[in-house]
Amino acid sequence: MPAITLPDGSVRSFDGPVTGTQVAAAIGPGLAKAALAMVVDGQMQDLARTIEADAALRFVTRKDPEALELIRHDAAHVLAEAVQELFPGTQVTIGPSIENGFYYDFARNEPFTPEDFAGIEAKMREIVARNAAFERIVTSRHEAMALFAEKGEKYKVELIQDLPQGETITLYKQGDWIDLCRGPHMRGTGDVGTAFKLMKVAGAYWRGDHRNAMLSRIYGTAWRDQKELDAHLHQLEEAERRDHRKIGKEMDLFHLQEEAVGSVFWHPKGWKLYRNIEAYMRRRLDAAGYQEVKTPQLVDRKLWEASGHWENYRPHMFIATVEDETERERVLAIKPMNCPCHVQIFNHGLRSYRELPMRLAEFGACHRFEPSGALHGIMRVRAFTQDDAHIFCEEHQIAEETARFVALLAGIYRDLGFADFRVKFSDRPEKRAGTEESWDKAEEGLKEACRLAGVEYELNPGEGAFYGPKLEFVLRDAIGRDWQCGTLQVDYVLPERLGAEYVAEDGSRRRPVMLHRAILGSFERFLGILIEQHAGRFPSWMAPVQVVVTTIVSDADDYARKAAAELEKAGVAVSLDLRNEKINRKVVDHIEQRVPVLAVVGRREAEEGTLVLRRLPGREQETMPLADAVALLKAEATPPDLAR
RNA sequence: GCCGGCAUAGCUCAGUGGUAGAGCAACUGAUUCGUAAUCAGUAGGUCCGCGGUUCAAAUCCGCGUGCCGGCACCA
């Protein structure tokens with residue numbers, strides 16, 4: 001006699017076990033039509049499942065947030081059926097719903113190409129039109145394995161083998177097609193609707209392991225209706241317009257070329273942007289008690305052996321040798337990190353506890369041999385400059401230093417236009433240096449520091465640095481990809497390996513703890529994200545060109561020169577546009593170049609000693625005396641830390 | 001690194017076996033114009049590289065390089 005409690009608090013009793021379909025029908029025909037699935041005591045299930053006992057029940061309709069997940073998961077099944085109908089012999093593996101869509105991994109000798117999409121999509125629409133019911137079948141491990149073995153579905157057999165003992169094994173059948181699946185699903189393939197689109201093909205390793213076979217993955221997107229799909233596609237186009245590689249080219253900020261793969265050629269405007277950010281960072285670090293240093297690019301192998309890099313990091317290091325006979329025995333490495341060098345500075349002289357925490361900062365140029373497939377614009381490169389620093393401190397100072405660091409980072413991110421960021425906590429990786437005790441201590445210390453600093457994080461197991469656990473501060477680019485920028489790492493290993501010590505209050509020699517930390521991460525990556533975040537329309541203080549002064553007639557050229565000179569004298573990055581073009585054209589060009597402010601002068605302004613300011617890409621104009629305009633533009637071009 | 005795609009003028013792109021094209025940019029000239037592209041002319045190419053097939057290759061095939069999308073990697 002189940003009594004079913006609905007979200008409005010009302011209770012409905014039934015004489016015996018009922019299915020969700022029956023409950024929905026009992027409530028009303030509208031709901032019966034709209035319900036796609038149900039949530040029973042917090043667990044999403046198929047509507048056709050039977051409710052035996054008292055329960056809280058809620059129906060999922062197309063309007064509910066869960067509907068998207070259902071639609072996408074069902075779409076993955078429809079895709080798999082379509083593919084197997086069109087390409088016999090293709091094996092199915094897994095096909096989950098993901099952010100904005102779904103994918104399915106297939107095993108097939110011949111990989112799919114985008115040309116196959118039209119045919120597959122047509123077949124999918126056919127399957128949706130058939131509206132075959134999703135039928136849930138509970139089976140035994142033995143039967144399930146026999147079924148898929150007979151079909152030649154080796155990957156499914158492997159999946160079943162690896163399911164934990166005691167796990168209920170369920171199959172879902174839609175028409176004649178059957179798949180191993182945990183569910184839940186909607187009523188039938190018709191519920192998927194037609195607002196889906198196949199997006200891309202990609203290789204993907206079976207079970208995400210590069211030692212396994214490469215499968216052929218098809219990505220798709222799916223939505224409630226056409227309008228949502230169109231909106232999503234439109235958003236993707238918008239994101240493409242923000243791509244830092246595209247904007248970098250349009251604004252002439254930088255380029256990359258074959259002879260220096262993974263290294264950025266910064267052009268004058270890009271470098272100006274870089275320097276604006278660098279100068280800002282330098283001021284913030286100075287104010288936060290850091291001391292800036294500079295350390296060598298090429299360092300003897302001996303130091304890397306001592307630090308553990310030679311053992312743990314060698315494949316990623318560029319090695320340098322020289323022709324000179326006398327130098328033959330000497331092997332140098334271009335530094336992939338700055339930490340060992342900073343320890344050398346710490347070690348140079350006897351340190352006292354009174355000097356701690358000692359914060360050594362460096363805009364350190366590093367080189368790492370990244371796998372070719374990992375390179376991405378200026379966000380993943382082989383040569384980059386970190387805003388690196390190492391804080392040498394006593395153990396009891398970790399918490400406070402963490403709190404100070406997080407506060408500094410959050411303030412800087414806010415100034416640079418990032419109000420939101422995520423924090424991940426990465427603990428000990430498989431390949432690591434140091435003892436279990438030191439890892440225990442480092443992980444505990446960092447967690448405790450997070451508690452005290454009020455930092456909330458997601459766990460990221462096994463992803464720490466080889467010398468210590470880390471916090472990762474993650475920002476998202478225009479295309480929705482996440483990038484680690486800031487980081488904070490607790491390290492007991494390097495001070496030990498490189499023999500760092502200080503004299504404690506009681507006169508004994510002790511090992512400092514080392515905190516590795518970066519806020520931007522690397523300038524290259526961060527500037528890439530910054531470009532996308534602002535779509536190239538930087539706040540004036542960052543912009544490489546803050547104001548363009550231009551003319552309507554050449555009679556105003558002299559006055560334009562004077563105005564530009566005044567602005568320059570005030571420290572505003574100004575450029576002059578005296579081209580023999582119509583003003584309309586100049587406006588378009590400078591909008592395209594994403595100049596924040598256009599100052600226009602004609603005969604009238606020259607006579608009256610004024611400037612007409614137009615904030616691009618806006619249309620409004622504002623006329624004011626030259627001196628006022630200079631003062632205003634100067635104020636607007638002042639970096640936020642100097643304006644406070 | 002792996003799977004797939006792509007590579008033509010400075011940029012964006014057309015050109016599927018028969019004498020390399022367009023728009024924009026550049027350069028020259030005209031035009032002096034009041035806020036989203038003034039007009040005309042000129043010049044510009046190892047069609048990514050190497051090899052092969054063919055009477056003939058930007059085009060077909062192989063190898064290499066780079067880029068793009070994923071996967072793996074990301075101290």
Side-chain angles (χ1 to χ4, degrees), chain A residues 103 105 108 110-116 199-219 240 243 245-246 249-250 252 255-262 307-309 311-317 336-337 339 366 368-377 379-382 386 426 429 431-433 463-468 470 472 479 481 483-484 487 489 491 493-494 516 521-522 525 550-557 580-592 598-605 612-614 616-621 623:
Chain A
Y103 67 78
D105 284 348
R108 179 169 178 246
E110 194 82 351
F112 300 100
T113 74
E115 280 86 71
D116 298 324
M199 303 298 284
K200 48 196 174 196
V201 284
Y205 297 108
W206 167 236
R207 298 197 148 173
D209 190 326
H210 69 276
R211 288 165 300 195
N212 290 341
M214 176 140 299
L215 306 172
S216 191
R217 174 175 296 180
I218 297 179
Y219 281 96
E240 244 170 74
D243 192 308
R245 293 164 297 193
K246 196 173 156 72
K249 212 180 268 180
E250 288 168 2
D252 193 19
H255 85 268
L256 297 150
Q257 69 184 49
E258 264 188 59
E259 289 80 356
V261 172
S307 68
H309 285 81
E311 189 187 338
N312 290 290
Y313 205 65
R314 176 77 200 287
H316 305 281
M317 290 163 71
M337 297 182 205
C339 28
C366 296
R368 300 180 186 176
F369 191 77
E370 302 286 5
S372 59
L375 302 176
H376 176 85
M379 306 238 251
R380 186 83 183 267
V381 286
R382 288 180 175 155
Q386 297 181 310
S426 299
K431 192 171 182 184
R432 58 177 181 261
E463 298 294 324
F466 75 78
Y467 47 73
K470 61 176 186 176
E472 296 174 32
I479 316 171
R481 288 185 272 216
W483 296 92
Q484 179 200 310
T487 183
Q489 306 166 8
D491 182 4
V493 175
L494 270 189
H516 306 240
S522 90
R525 173 175 297 180
T550 192
T551 49
I552 288 167
V553 291
S554 50
D555 285 355
D557 284 3
N580 177 13
E581 290 289 349
K582 292 190 168 181
I583 188 63
N584 286 332
R585 174 48 175 280
K586 296 187 191 178
V587 168
V588 170
D589 286 349
H590 295 117
I591 287 173
E592 214 161 73
L598 188 63
V600 182
V601 299
R603 287 201 189 90
R604 193 158 62 225
E605 289 71 28
V612 180
L613 302 185
R614 174 165 166 176
L616 303 180
R619 295 191 114 94
E620 292 94 84
Q621 301 169 35
T623 307

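Below, read A as the first sequence line, B as the second, and so on, with proteins coming before strands; counting in each chain starts at 1.
A distance of about 12 Å separates the P atoms of C11(B) and U46(B), rounded to the whole Å. Only the P atoms considered, C61(B) is 15 Å distant from G4(B), to the nearest whole Å. Nucleotides G49(B) and A58(B) place their C1' atoms 14 Å apart, quoted to the nearest Å. As rounded to the nearest Å, A22(B) and G41(B) have P atoms that lie 13 Å from one another. Taking atom P in both C33(B) and G15(B), the straight-line distance is 45 Å, to the nearest Å. Going from the P atom of A37(B) to that of C24(B) covers 14 Å, rounded to whole Å. Annotation: G45(B) and G21(B) have their C1' atoms spaced 11 Å apart (nearest Å). Between C55(B) and C68(B), the distance separating the two C1' atoms is 38 Å to the nearest Å.
To the nearest angstrom, P of U32(B) lies 11 Å from CG of D555(A). Atom CD in E620(A) sits roughly 15 Å away from atom P in U35(B) (whole-Å rounding). Spacing between atom CD of Q386(A) and atom P of C74(B) amounts to 16 Å, rounded to whole angstrom units. Look at CZ on R525(A): it is 7 Å from C1' on C74(B), rounded to the nearest Å. Here the C1' atom of nucleotide U35(B) and the CG atom of L616(A) are 10 Å apart, to the nearest Å. Atom CZ of F369(A) and atom P of A72(B) are 20 Å apart (whole Å). Separating the CD atom of Q484(A) from the P atom of C74(B) is a distance of 11 Å, rounded to the nearest angstrom. Taking atom CD of E370(A) as the reference point, atom P of C74(B) lies 9 Å away to the nearest angstrom.
In this structure, K470(A) reaches the sugar-phosphate backbone alone: every heavy-atom distance under 4.0 Å involves primed, P, OP1 or OP2 atoms, never a base. P336(A) comes within contact range of no nucleotide atom at all, as no heavy-atom separation falls under 4.0 Å. Residue-level contact check: N312(A) touches neither bases nor backbone, having no heavy atom under 4.0 Å from any strand. Looking at heavy-atom distances under 4.0 Å, E472(A) makes no contact with the nucleic acid at all. P111(A) comes within 4.0 angstrom of the backbone, heavy atoms only, and of no base.
Residues forming a side-chain contact (heavy atoms from CB on, under 4.5 Å) with T113(A) (at least two apart in sequence, or on another chain): E115(A), D116(A). By the salt bridge (charged side-chain N to carboxylate O under 4.0 Å, His left out) test, D105(A) is found to be paired with R217(A), residues two or more places apart in sequence or in another chain being considered. Considering only residues two or more places apart in sequence or on other chains, N584(A) meets the side chain to side chain donor-acceptor pair (under 3.5 Å) condition with none of them. In this view, H210(A) satisfies the ring-ring contact (aromatic ring centres under 6.0 Å, His included) rule with no residue, not counting sequence neighbours. A search for ring-ring contact (aromatic ring centres under 6.0 Å, His included) contacts involving H590(A) returns nothing, not counting sequence neighbours. Not counting sequence neighbours, Y205(A) has no partner by the ring-ring contact (aromatic ring centres under 6.0 Å, His included) test. In this structure, R614(A) has no side chain to side chain donor-acceptor pair (under 3.5 Å) partners at least two apart in sequence or on a different chain.
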### Message
Treating primed atoms plus P, OP1 and OP2 as sugar-phosphate and everything else as base, which nucleotides of nucleotides 24-29 of chain B get B, S or - for protein heavy atoms under 4.0 Å?
### Response
-S----
### Task
At under 4.0 Å between heavy atoms, which parts of nucleotides 58-71 of chain B does protein reach? Answer with one letter per nucleotide, 5' to 3': B base, S sugar-phosphate only, - none.
-------SSSSBBB
### Message
Walk along nucleotides 40-46 of chain B from 5' to 3' and tag each nucleotide B, S or - by protein heavy-atom contact under 4.0 Å, base first, then sugar-phosphate.
### Response
-------
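Atom CZ of F466(A) and atom CD of Q489(A) lie 10.0 Å apart (nearest 0.5 Å). For the atom pair OG1 of T550(A) and CD of E581(A), the computed distance is 9.5 Å after rounding to the nearest 0.5 Å. Between the OH atom in Y467(A) and the CE atom in M337(A) there is a gap of 5.0 Å [rounded to 0.5 Å]. Rounded to the nearest 0.5 angstrom, L598(A) CG and K586(A) NZ are separated by 9.0 Å.
Atom CD of E620(A) has 12 or fewer heavy atoms from other residues, nucleotides or ligands within 6.0 Å.
A salt bridge is absent between D209(A) and R207(A): the closest approach of a Lys/Arg side-chain nitrogen to an acidic carboxylate oxygen does not fall below 4.0 angstrom.
Residue N584(A) has a polar side-chain atom (N or O) positioned under 4.0 Å from OP1 or OP2 of A36(B). Here R614(A) does not reach the OP1 or OP2 of G34(B): none of its side-chain N or O atoms lies under 4.0 Å away.
Side-chain contact between H516(A) and T487(A): absent, with no pair of heavy atoms (C-beta onward) separated by less than 4.5 Å.
Of the possible donor and acceptor atoms, one in the side chain of R525(A) sits under 3.5 Å from a partner among the backbone N and O of M379(A). Side-chain atoms of E311(A) never come within 3.5 Å of backbone atoms of G308(A) as a donor-acceptor pair (strictly under, hydrogens ignored). Judged by distance alone, the side chain of R432(A) and the main-chain N or O of P429(A) form a donor-acceptor pair under 3.5 Å. At distances below 3.5 Å, not a single donor-acceptor pair connects side-chain atoms of T551(A) with backbone N or O atoms of S554(A).
Among G34(B), A37(B), U32(B), the nucleotide with an atom closest to any side-chain atom of E592(A) is A37(B).
Projected onto RNA chain B by closest heavy-atom contact, R619(A) and F112(A) fall at different nucleotides, the more 5' of which corresponds to F112(A). Taking the nucleotide of RNA chain B with the nearest heavy atom to each of L215(A) and K582(A), the more 5' of the two is matched to L215(A).
Residue V600(A) is tested with V587(A), L613(A), I583(A) for a side-chain contact (heavy atoms from CB on, under 4.5 Å); the sole match is I583(A).
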What protein N or O atoms touch nucleotides 5-16 of chain B N or O atoms at under 3.5 angstrom, if any, and at what distances?
from   : atom 1 : to      : atom 2 : distance (Å)
U12(B) : OP1    : K249(A) : NZ     : 3.0

### Structure string for RNA chain B in dot-bracket form, Watson-Crick and G-U at under 3.5 Å, | interchain
(((((((..((((....[..)))).(((((.......))))).....(((((..]....))))))))))))....
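Counting distance only, with no hydrogens placed and no angle test, the side-chain atoms of R380(A) and the base atoms of C73(B) include a donor-acceptor pair under 3.5 Å.
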